[in-house]
There are 2 protein chains.
Amino acid sequence: MRSLWEEFNRLGTEMIVTKAGRRMFPTFQVKLSGLDPLADYVLLMDFMPLDDKRYRYAFHSSSWLVAGRADPAAPGRVHFHPDSPAKGAQWMRQIVSFDKLKLTNNLLDDNGHIILNSMHRYQPRFHVVFVDPRQDSERFAHENFKSFTFTETQFMAVTAYQNHRITQLKIASNPFAKGFRDCEPEDWAAGFHALNVYTTSMTPALGYEQQ
Amino acid sequence: MRSLWEEFNRLGTEMIVTKAGRRMFPTFQVKLSGLDPLADYVLLMDFMPLDDKRYRYAFHSSSWLVAGRADPAAPGRVHFHPDSPAKGAQWMRQIVSFDKLKLTNNLLDDNGHIILNSMHRYQPRFHVVFVDPRQDSERFAHENFKSFTFTETQFMAVTAYQNHRITQLKIASNPFAKGFRDCEPEDWAAGFHALNVYTTSMTPALGYEQQ
DNA sequence: TTCTTGTCACCTAGGTGTTAATAT
DNA sequence: ATATTAACACCTAGGTGACAAGAA
């Protein structure tokens with residue numbers, strides 16, 4: 001999924017947040033190696049604010065502008081991969097997909113979804129926690145995990161898509177949005193690659209205003 | 001689900017087996033209590049032949065007849081509940097449903113489904129296995145599990161339904177078969193109860209010929 | 001003007017018995 | 001005559017962005 005994430009990131013990824021909770025697209029997924037096949041691990045994700053700002057989208061210039069200081073941060077939740085805990089061998093067997101993770105803007109959410117502020121930027125983080133079988137495992141807690149950040153997965157939380165190109169790329173690449181496609185769905189790989197080439201030449205327009 | 005199982009059992013439950021694997025309906029589900037909330041348990045099911053016979057269905061008399069000795073038994077597989085292993089607290093939190101379990105008649109199945117012989121009778125069994133944390137846990141394996149058999153869940157494996165009343169009860173009670181219902185789906189509980197009363201008076205016709 | 005919410009048609013994904021054709 | 005198989009229409013269940021209405 002890396003190339004798709006990069007494709008979105010070049011345009012400025014947006015993720016919908018809803019009251020009921022919305023999945024991310026692309027889905028965050030990882031391939032693991034180097035784990036102890038016989039040891040237990042817990043896999044989880046959380047989301048860090050990328051800055052202390054609130055944004056707004058200027059339609060006339062098709063760009064994001066700073067709209068002030070960040071709103072109060074919601075209680076920082078984490079999402080445990082539902083297969084946790086599991087053996088290293090199990091995690092390494094195939095790609096691990098966080099497709100059950102949902103984003104919400106409902107501060108009172110009681111479905112365990114990740115709570116984010118709309119119009120704020122976030123960086124997903126991935127954590128692998130070794131389940132230490134030792135008696136005094138707490139003493140080693142600080143060395144029993146590893147965290148990973150993939151900058152191409154950062155995004156703007158929104159309640160509705162702002163950048164039209166993001167909407168089009170979601171429609172083109174998310175199977176559940178197939179109903180909104182114009183052209184032929186057949187041999188979509190070619191279309192994806194074409195988009196790739198097209199957008200890399202558009203990068204100058206994509207920076208976030210930093211003050 | 002017990003009353004639904006009993007309803008089917010009074011008619012002579014049939015379960016479809018297919019090459020690709022078919023779920024059971026009703027689904028086998030249990031409510032657990034008395035587990036150690038902090039201990040790990042594995043939950044699983046297997047299927048015992050109820051006798052050494054092969055059956056055939058006589059449509060003219062609407063009854064099952066013995067058609068000879070049982071065919072060679074397939075390799076006895078087990079189905080681990082996909083949430084296994086998990087803490088007792090987790091298992092007791094809510095009803096445990098074996099809705100991922102599938103039955104197949106394909107002797108070469110490599111999807112991990114339960115392999116059964118069509119036209120043979122089976123008794124599902126449910127097992128709770130305590131995951132013993134002790135070093136020499138093998139020595140206690142014989143006392144670290146408990147098995148449960150619910151006779152109302154026994155059934156005949158079939159590739160197509162034989163008893164018309166079974167077909168009708170499946171259609172009436174399985175949400176996925178709603179497309180085949182004739183009457184009003186509204187307030188279905190009343191219909192279910194009516195069927196209940198109706199069929200209990202029919203029991204004389206339902207015995208399996210024992211030789 | 002900008003942002004949020006709820007409803008909707010349109011999808012994916014997969015669980016039903018039916019049916020017709022075939023096998024035994 | 002009885003048993004099996006594959007294709008099928010019709011469901012459940014739930015993930016999409018569009019859209020209109022409402023809120024800030």
Side-chain angles (χ1 to χ4, degrees), chain A residues 14-27 54-60 64-65 67-68 71 99-107 111 116-120 156-182 185, chain B residues 14-27 54-62 64-65 67-68 71 99-107 111 116-120 156-182 185:
Chain A
E14 301 174 21
M15 293 289 178
I16 299 280
V17 292
T18 68
K19 195 171 176 181
R22 197 78 151 193
R23 303 208 304 198
M24 290 199 290
F25 187 89
T27 302
R54 180 179 224 287
Y55 290 83
R56 69 184 186 86
Y57 191 73
F59 281 96
H60 60 85
W64 289 97
L65 307 175
D71 295 331
D99 54 0
K100 291 288 178 287
L101 188 158
K102 290 192 176 185
L103 309 178
T104 183
N105 59 343
N106 181 10
L107 298 172
N111 299 305
L116 301 179
N117 282 322
S118 182
M119 313 313 268
H120 291 60
M156 182 78 71
V158 296
T159 56
Y161 292 128
Q162 305 296 315
N163 182 346
H164 242 250
R165 292 202 178 108
I166 288 293
T167 311
Q168 291 312 308
L169 185 52
K170 296 256 185 178
I171 289 173
S173 52
N174 189 333
F176 288 108
K178 193 171 284 184
F180 300 102
R181 291 182 191 167
D182 294 324
Chain B
E14 300 174 21
M15 293 289 178
I16 300 280
V17 291
T18 68
K19 195 172 175 181
R22 196 79 150 193
R23 303 208 305 197
M24 290 199 290
F25 187 88
T27 302
R54 180 179 223 287
Y55 291 83
R56 69 183 185 87
Y57 192 73
F59 281 96
H60 59 85
S61 61
S62 297
W64 288 97
L65 307 176
D71 296 330
D99 54 0
K100 291 289 178 285
L101 189 158
K102 289 191 177 186
L103 309 179
T104 183
N105 59 342
N106 180 10
L107 297 173
N111 300 305
L116 302 179
N117 282 321
S118 183
M119 314 312 269
H120 291 60
M156 182 78 71
V158 295
T159 56
Y161 292 128
Q162 306 296 315
N163 182 345
H164 235 253
R165 291 203 180 111
I166 288 293
T167 311
Q168 291 312 308
L169 186 52
K170 296 256 184 178
I171 290 173
S173 53
N174 188 333
F176 287 108
K178 193 172 283 184
F180 301 102
R181 292 184 190 165
D182 295 322

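First the proteins, then the strands, lettered A, B, ... as listed; each starts at 1. Small disclaimer: the values here were computed from a predicted structure and weren't measured.
Atom NZ of residue A/Lys178 and atom OG of residue A/Ser173 lie 12.0 Å apart, to the nearest 0.5 angstrom. In this structure, CG in B/Asn105 is found 7.5 Å from CG in B/Leu107, a value given to the nearest 0.5 Å. Atom CZ of A/Phe25 and atom CG of A/Leu169 lie 8.0 Å apart (nearest 0.5 Å). Rounded to the nearest 0.5 angstrom, B/Asn163 CG and B/Met156 CE are separated by 10.5 Å. Atom-to-atom distance recorded for A/Glu14:CD and A/Met119:CE is 8.0 Å, nearest 0.5 angstrom.
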Per-nucleotide protein contact string for nucleotides 11-24 of chain D, where B marks a base within reach and S marks sugar-phosphate only (heavy atoms under 4.0 Å, - for neither): SB-BBBBS------
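The separation between A/Tyr57 atom OH and C/dT1 atom P is 17 Å, rounded to whole Å. Rounded to a whole Å, the NZ atom of B/Lys100 is 8 Å from the P atom of C/dG15. Put simply, CD on B/Glu14 is 14 Å from C1' on D/dT2, counting in whole angstrom units. One atom, CE of A/Met119, and another, C1' of C/dT1, lie 12 Å apart when rounded to the nearest Å. Atoms CZ (A/Arg56) and P (C/dT4) sit 14 Å apart, rounded to a whole Å.
The side chain of B/Lys19 contributes an N or O atom lying less than 4.0 Å from OP1 or OP2 of D/dA6. Contact check, A/Asn105 against C/dT5: a side-chain N or O comes under 4.0 Å of OP1 or OP2. OP1 or OP2 of D/dA3 has at least one side-chain nitrogen or oxygen of B/Gln162 nearer than 4.0 Å.
Two residues, A/Val17 and A/Ala58, neighbour DNA chain C, and the one matched to the more 5' nucleotide by heavy-atom proximity is A/Ala58.
Within the 4.5 Å cutoff, the side chain of B/Thr159 has no heavy atoms near those of the B/Thr18 side chain. Considering only heavy atoms from C-beta on, A/Arg22 stays 4.5 Å or farther from A/Thr104 through its side chain.
Computed from C1' positions of five pairs at each end, the angle between the two local axes of the helix from C/dT1-D/dA24 to C/dT24-D/dA1 equals 0°, rounded to 10 degrees.
Every residue two or more places apart in sequence or in another chain was checked for a ring pair (Phe, Tyr, Trp, His ring centres under 6.0 Å) with B/Tyr161, and none qualifies.
For A/Ser118, taking side-chain heavy atoms from C-beta onward, the closest of the listed nucleotides C/dT4, C/dC3, D/dT4 is C/dT4.
Between A/Tyr55 and A/Tyr57, the distance from one ring center to the other does not fall under 6.0 angstrom.
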